[in-house]
Amino acid sequence: MNIFNRYRNIIEKSVKDLSAAGALPAGLDVSRLTVEPPRDPAHGDVSTNAAMVLAKPAAMKPRELAELIAQRLREAEEIDAVEVAGPGFINLRLAESVWHQCLEAAIGLGSSYGDSDHGGGRQVNVEYVSANPTGPLHIGHARGTVFGDVLASLLEKAGYAVTREYYVNDAGAQVDSLARSAYLRYREALGREIGEIPEGLYPGEYLKPIGRELADMKGDKWLDAPETDWLAEIRTFTVESMMALIREDLAALGVHHDVFTSERELVESGMVDEVFKTLDAEGHIYTGTLEPPKGKTPEDWEPRPQTLFRATEFGDDVDRPLKKSDGSWTYFASDIANHLDKFRRGFADMIDVWGADHAGYVKRMQAAVNAISGGDGALDVKICQLVRLTDRGQPVKMSKRGGSFVTLRELVDEVGPDIVRFHMLTRTNDAQMDFDLSAVVEGGKDNPVWYVQYASARCHSVRRMAAATFPNHDMSLSALARAPISCLTDEAELGLIKSIAGWPRAIEAAADAHEPHRIAFFLYDMAALFHTLWTKGKEDPSLKFVIEEDEELTMARQALVRGVETVIASGLGIFGIEPVEEMR
RNA sequence: GCGCCCGUAGCUCAGCCGGAUAGAGCACAGGAUUCCUAAUCCUGGGGUCGCAGGUUCGAAUCCUGCCGGGCGCGCCA
């Protein structure tokens with residue numbers, strides 16, 4: 001339960017009551033009204049801009065209106081003080097009992113604390129990774145992979161029905177090159193001299209086992225056969241093998257998709273033709289010639305009539321080609337089919353997670369979704385900017401030969417999945433970031449994962465200490481929910497409780513914005529509050545979590561500690577990370 | 001040339017669909033440890049929020065134009 005929603009209701013009701021009483025006009029629009037914690041805690045617990053937003057339509061001065069609303073609010077229960085401040089803010093100071101109830105509710109819920117029905121069970125499709133099945137995942141895929149997976153978890157937590165999807169680009173020319181590369185390895189496995197892998201094919205070592213498998217299965221059947229004999233079969237086999245490899249890499253990172261959609265199947269099923277016919281029937285397709293891009297004309301540019309989608313009618317900058325010169329579909333054409341397929345499967349809300357190099361593709365895809373869904377589908381594209389891999393501040397060379405980090409798997413093996421998963425989200429997705437191999441595994445408060453885990457470890461340490469001091473006391477969550485938490489009145493204690501109480505709101509806000517990194521910052525901030533309270537107990541022994549002479553107070557503080565634990569576990573759960581009980 | 005992203009303290013970055021004196025970490029200076037993990041905590045200095053306009057009760061946040069950096073720009077995916 002997001003506590004700020006409760007006060008939003010109370011404030012809106014006050015406004016309605018004033019309207020009913022004739023003090024304000026009827027039917028005021030409250031959609032721009034905000035109810036949130038003020039930036040400065042000295043201003044109170046809850047702040048609203050109601051008076052400033054409604055002043056104009058009510059034809060009143062903001063502060064006068066604020067005072068009118070404030071008078072109503074003063075009659076509400078569990079509000080200790082109502083102040084009008086600044087240009088017309090109304091600040092509420094809540095009774096301590098409100099916060100105590102929040103803590104009680106949090107530990108009562110345990111790991112499900114923060115779960116929300118905010119999304120109302122609406123279906124959301126999150127498509128991420130979608131790397132070409134031409135080799136193992138590399139470092140450049142790491143950020144989008146983690147981002148998509150954690151965003152999906154976040155949306156689930158916020159009450160959406162989420163499907164994790166991977167679009168397999170198994171139809172274009174690249175998978176033909178892949179098949180030819182595998183064929184060379186097949187010949188190699190049978191003792192033929194293949195020399196250097198030609199330009200345009202895939203030279204990676206990972207295709208050697210594929211070649212051997214093909215040799216084992218087929219013998220010399222294709223050794224001197226023409227391409228038409230083997231291409232399709234080797235392509236299918238190799239793509240499947242690559243997808244198996246990619247799934248293993250993803251599993252090592254803790255990532256599992258629900259649906260893998262094949263581009264080839266979309267094409268073969270006629271979905272792309274259908275998209276074309278539909279768009280054509282609605283007049284969104286024509287044959288025309290595009291202008292060459294200014295400033296960077298390709299060397300082999302020649303004007304050529306193409307089959308174009310009128311993307312400009314839906315907000316794009318230029319119209320986009322649907323067919324290649326050989327008559328086959330462009331990637332864009334089949335990706336439209338992909339999104340139509342998703343839309344038809346019930347996903348009006350779609351999210352795609354792409355790398356920065358695909359940013360120029362966003363508008364056309366959104367235009368297409370608009371066109372094929374009649375405006376009923378919404379596509380949000382989250383672009384993950386580049387990650388620069390460093391080690392002690394020095395850039396790590398990504399050469400394929402040097403044995404340095406090239407693959408996602410190597411990164412995961414080096415620093416562990418938890419660190420990759422958390423650290424990739426310590427920055428907004430649309431800003432570039434550095435990932436420093438040595439810094440991310442070091443302890444210290446500048447390492448967010450470590451700092452949050454340290455708070456978790458301290459929670460468990462206190463828990464162990466309390467159990468040793470009061471061995472006969474029931475400290476189960478249900479017992480602690482009945483602890484006398486009203487005796488937690490120190491400012492630092494209340495601050496921590498308020499942070500715990502703010503967790504559901506943080507989930508909803510992060511989910512609405514499609515910004516999982518906010519969860520990382522929330523956890524870091526709460527860990528800081530906890531570490532501060534810990535140290536206060538060192539300076540003032542009466543604030544220690546375990547007080548030998550006061551069993552009741554100790555239980556109340558155990559409840560607080562379990563509240564912190566609950567939020568950390570709940571939050572790390574979104575990242576797919578287990579909280580630690582000890583630092584070793 | 002065009003599009004997208006970024007520009008906030010010396011450095012790395014937050015800033016919640018506009019809100020009240022702009023926040024953290026690192027670095028720097030000082031301080032807290034017979035006491036639940038000091039890998040922590042506290043105090044301090046340090047900012048024309050790239051620049052210039054605009055929108056309004058109010059702008060780091062929204063709009064426009066510049067400047068600087070990154071990514072991308074027909075028949076690749």
Side-chain angles (χ1 to χ4, degrees), chain A residues 32 34 36-40 43 47 49 52 55-56 61-62 85-89 91 130-132 134 169 171-175 263 289-298 300-304 306 308 316-318 320-321 323-328 330-332 334-335 355-363 383 385-386 426-434 436 442-448 450-451 454-455 457-458 461-466 468-469 505-506 509-510 512-513 515 517-518 521-522 524-525 528 531-539 541 544-547 557 561 582-583:
Chain A
R32 294 209 311 131
T34 61
E36 57 195 2
R39 188 171 295 170
D40 184 350
H43 292 140
S47 179
N49 64 356
M52 292 180 288
K56 190 170 277 183
K61 289 181 179 170
F89 287 103
N91 295 329
S130 296
N132 296 336
T134 53
N169 308 137
Q174 293 189 358
V175 286
E263 179 186 7
T289 307
L290 291 175
E291 295 289 312
K294 287 173 182 162
K296 194 210 167 194
T297 308
D300 57 346
W301 174 271
E302 51 182 276
R304 173 172 296 169
Q306 290 175 296
L308 299 171
D316 200 357
D317 307 308
V318 291
R320 305 292 180 176
K323 281 186 178 175
K324 301 179 196 171
S325 51
D326 68 358
S328 64
T330 58
Y331 177 78
F332 178 49
S334 49
D335 208 8
D357 53 342
H358 288 65
Y361 192 78
V362 174
K363 279 189 188 174
I383 296 294
Q385 292 293 330
L386 301 182
T426 54
R427 190 129 313 171
T428 57
N429 58 287
D430 45 24
Q432 293 171 258
M433 75 181 298
D434 287 348
D436 194 279
E442 278 170 12
K445 68 181 303 186
D446 58 331
N447 182 340
W450 185 90
Y451 189 73
Y454 186 40
R458 278 184 152 176
S461 171
V462 169
R463 209 211 274 207
R464 288 189 293 269
M465 183 63 64
T469 309
R505 180 177 190 272
D512 283 346
E515 290 185 354
H517 76 278
R518 293 192 196 180
F521 283 93
F522 182 94
Y524 184 89
D525 290 342
H531 288 309
T532 295
L533 179 58
W534 178 286
T535 307
K536 268 191 108 173
K538 288 195 168 294
E539 287 153 8
K544 286 176 64 174
F545 292 112
V546 179
I547 309 258
R557 290 191 174 148
V561 170
E582 281 182 293
M583 300 305 277

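Residue numbers start from 1 in every chain, and the chains themselves are labelled A, B, ... in the order their sequence lines are given, proteins ahead of strands.
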What's [X] touching, base or sugar-phosphate or nothing? Going by heavy atoms closer than 4.0 Å.
| X | value |
| --- | --- |
| A356(A) | sugar-phosphate |
| A173(A) | sugar-phosphate |
| P292(A) | nothing |
| G444(A) | sugar-phosphate |
| K56(A) | sugar-phosphate |
| D40(A) | base |
| Y451(A) | sugar-phosphate |
| N429(A) | nothing |
| P321(A) | sugar-phosphate |

Across all strands shown, which nucleotide pairs with A59(B) by Watson-Crick or G-U wobble geometry, both distances under 3.5 Å?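 Base-paired to nothing in any strand shown.
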What are the atom names and distances for every N/O pair under 3.5 Å that joins the protein to nucleotides 60-68 of chain B?
from: A60(B); atom 1: N6; to: R39(A); atom 2: NH2; distance (Å): 3.1

Say you pick atom [atom1] in [N] and the same atom in [M]; how far apart are they, in whole Å?
| N | M | atom1 | result |
| --- | --- | --- | --- |
| G70(B) | A52(B) | C1' | 24 Å |
| A60(B) | C6(B) | C1' | 14 Å |
| G68(B) | G50(B) | P | 16 Å |
| G10(B) | C2(B) | P | 33 Å |
| U64(B) | U55(B) | C1' | 11 Å |
| C26(B) | G45(B) | C1' | 16 Å |
| G65(B) | A22(B) | P | 30 Å |
| U8(B) | A14(B) | C1' | 10 Å |

Side-chain N,O ([X]) to OP1/OP2 ([N]) below 4.0 Å:
| X | N | value |
| --- | --- | --- |
| K363(A) | G3(B) | no |
| K538(A) | A32(B) | no |
| T330(A) | A77(B) | no |
| K323(A) | C75(B) | no |

Taking the side chain of [X] as its heavy atoms from C-beta onward, which of [options] lies nearest to it?
| X | options | value |
| --- | --- | --- |
| N132(A) | A77(B), G15(B), C36(B) | A77(B) |
| W534(A) | G25(B), A38(B), G19(B) | A38(B) |
| D317(A) | C5(B), G74(B), G3(B) | G3(B) |
| Y524(A) | C36(B), A24(B), U40(B) | A24(B) |
| H43(A) | U21(B), G15(B), C57(B) | U21(B) |
| Q432(A) | C71(B), G70(B), U21(B) | G70(B) |
| R518(A) | C17(B), A77(B), C4(B) | C17(B) |
| E263(A) | C71(B), A14(B), A77(B) | A77(B) |
| D446(A) | G19(B), C13(B), C26(B) | C26(B) |
| V462(A) | C36(B), C16(B), G19(B) | C36(B) |

Any donor-acceptor pair under 3.5 Å from [X] side chain to [Y] backbone:
| X | Y | value |
| --- | --- | --- |
| D326(A) | S328(A) | yes |
| N49(A) | T34(A) | yes |
| N91(A) | S47(A) | no |

What does the list of N/O pairs under 3.5 Å between the protein and nucleotides 42-47 of chain B look like, with a distance for each?
from: C42(B); atom 1: OP1; to: T532(A); atom 2: OG1; distance (Å): 3.2

Does F521(A) stack onto the base of A14(B), taking stacking as ring centres under 5.5 Å apart and planes under 30° apart?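 Check failed, F521(A) does not stack on base of A14(B).
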Stacking here means centres under 5.5 Å and planes under 30°; does H358(A) stack on G72(B)?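 Here H358(A) fails the 5.5 Å or the 30° condition.
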One pair to check against salt bridge (Lys or Arg N to Asp or Glu O under 4.0 Å): R518(A) and E515(A). What are the steps and the verdict? CA-CA 6 Å; R518(A) 293 192 196 180; E515(A) 290 185 354; 2.9 Å; yes
Whichever of F545(A) and D430(A) has its nearest RNA chain B nucleotide further upstream toward 5':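 In this pair, the answer is D430(A).
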Taking for each residue the nucleotide of RNA chain B with the nearest heavy atom, is it N447(A) or Y331(A) whose nucleotide lies nearer the 5' end?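 The answer here is N447(A).
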Find the distance between [atom1] ([X]) and [atom2] ([Y]) and round it off to the nearest 0.5 Å.
| X | Y | atom1 | atom2 | result |
| --- | --- | --- | --- | --- |
| D434(A) | R427(A) | CG | CZ | 7.5 Å |
| D335(A) | N169(A) | CG | CG | 7.5 Å |
| K445(A) | Y454(A) | NZ | OH | 12.0 Å |
| R464(A) | E582(A) | CZ | CD | 4.5 Å |
| L290(A) | L308(A) | CG | CG | 5.0 Å |
| H517(A) | D430(A) | NE2 | CG | 8.5 Å |

Report yes if a donor N or O on one partner sits less than 3.5 Å from an acceptor N or O on the other, where the partners are the side chain of [X] and the base of [N]; otherwise report no.
| X | N | answer |
| --- | --- | --- |
| R458(A) | C36(B) | no |
| S47(A) | A20(B) | yes |
| D357(A) | A77(B) | no |
| R304(A) | C75(B) | yes |

State whether a side-chain donor-acceptor pair under 3.5 Å links S334(A) with E263(A).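 Yes, a side-chain donor-acceptor pair sits under 3.5 Å.
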In the structure I gave you, are the side-chain heavy atoms of T535(A) and E539(A) within less than 4.5 Å of one another anywhere?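 Counting from C-beta outward, T535(A) and E539(A) do come under 4.5 Å.
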Angle class for the W534(A)/F545(A) ring planes (parallel below 30°, perpendicular above 60°, tilted otherwise)?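 W534(A) vs F545(A) ring planes: tilted.
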